Number of protein chains: 2
Amino acid sequence: MSFVRQPMSVSPEDFKKLELSINDVKENGSEIRSIFENYYDEEIDIDWEVDAAVEAFSILSSRWTIEILATLYIIGESRFNQLRTLLRGISSRTLSDKLTKCTENGLVERLVEDGPPIRVKYRLTDHGRNAGKLLSPLVAYMKIKHGRVMRNNA
Amino acid sequence: MSFVRQPMSVSPEDFKKLELSINDVKENGSEIRSIFENYYDEEIDIDWEVDAAVEAFSILSSRWTIEILATLYIIGESRFNQLRTLLRGISSRTLSDKLTKCTENGLVERLVEDGPPIRVKYRLTDHGRNAGKLLSPLVAYMKIKHGRVMRNNA
DNA sequence: AAACTTAGTGTTTTTTTCACACTTACGATT
DNA sequence: AATCGTAAGTGTGAAAAAAACACTAAGTTT
């Protein structure tokens, strides 16, 4: 599935920036966690929080949805076949279904430039872009973890 | 699937803290994005970046994996049946398979307290906990978006 | 005129998840 | 003493989701 690719070799300064950003987000994540914990009582407990987390991921937690989101966050906007090419491995049927669901859930907007030939652009809504931004540090962390992004020692 | 629940009503100060944290993460997300963009050339392009993102999500992008991660991040550690109860709706077969995959991928560790009766604890590895922290702001954002977390006007 | 591109849909096959029964070994209950 | 409950799963068949692949229709390019 995934091609062998050159890793991205970034300057020590930029690598440091990435690490600092990621650490910053980790700290924010911990702080958010501890705020929630303070509100635990008879109603609000682990059960409540897990439920809320499952609900939070209800749209994202199926194959390709999160990748579509991340891709549109990277690329800004994209047409159907471009997305299909970028997301090597997705079938047009699945892409079509997922885009419909993302649109229904307010993450993506579908912009028809009526031709003919009809052209359709997909773009993140503000909500989708927020989600994309919030995902970005995790993606960066994983890129580094997978050796796709490395510090050059120049 | 999801029960009707009370929203979590947080103080204006804590709500402000949450908003500030989430915004902070958004800014970090944007900054990370722009760092990567600076390295675009013949090798490293949108195609490369989408590939790397797809790879980053290769473990997370299937039903339940991300929820298991978030749940273990919330609860710290958990036994099999406790996880199954918390993740209302998951089958034991699927939970078992997903935990195996998460363990194989270094996100989760499986700790056997040998009985009998044999007891097993699941806990995030450092890597898994990092991922959990990085996901936390997104979950908080979604909780607010879904009306599960609200500012009280006390 | 033939081939290609656009954004998909239809249909069949494969993979993933669900539902539900079942296991083995112990402790507690009746 | 026999049954029940709990522990952490596995086995199996059915249902749902995704993949593979063909196909559409209107317009552009060769």
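Letters A, B, ... are given to chains in the order of the sequence lines, protein chains preceding strands, and every chain is numbered from 1. Keep in mind it's a predicted model, so treat the numbers as computed, not measured.
Of the side-chain N and O atoms in T94(B), one or more sit less than 4.0 angstrom from OP1 or OP2 of dC18(C). In this model, the phosphate group of dC18(C) is approached by a side-chain N or O of W64(B) to a distance below 4.0 Å at OP1 or OP2.
Distances from the side chain of R79(A) to the nucleotides dC18(C), dA20(D), dA7(C) place dA7(C) closest. Distance from the side chain of R119(B) is smallest for dA7(D) among the nucleotides dG9(D), dG8(C), dA7(D).
For S96(A) and dT9(C), a side-chain-to-base donor-acceptor distance below 3.5 Å is absent, hydrogens and geometry of angles not being considered. At a cut-off of 3.5 angstrom, the base of dG11(D) holds at least one donor-acceptor pair with the side chain of R93(B). Donor-acceptor pairing under 3.5 Å, judged by distance alone, is absent between the side chain of S62(B) and the base of dT16(C).
S136(A) places no side-chain N or O within donor-acceptor distance of the main-chain N or O of G132(A), the cut-off being under 3.5 Å.
Atom CG of L99(A) and atom C1' of dT9(C) are 14 Å apart (whole Å). Per the geometry, CZ belonging to R84(B) stands 11 Å off C1' belonging to dT6(D), to the nearest Å. As rounded to whole Å, 13 Å separates atom P of dT6(C) from atom CG of L83(A). As a whole-Å value, the separation of K98(B) NZ from dT17(C) C1' is 8 Å.
Side chain to side chain, Y122(A) and R79(A) fail the donor-acceptor criterion of an N or O pair below 3.5 Å.
At least one test fails for K133(A) against the ring of Y141(B): distance under 6.0 Å to the centre or angle within 45° of the axis.
In terms of heavy atoms, L124(B) sits closest to E109(B) at O-OE2, 4.0 Å.
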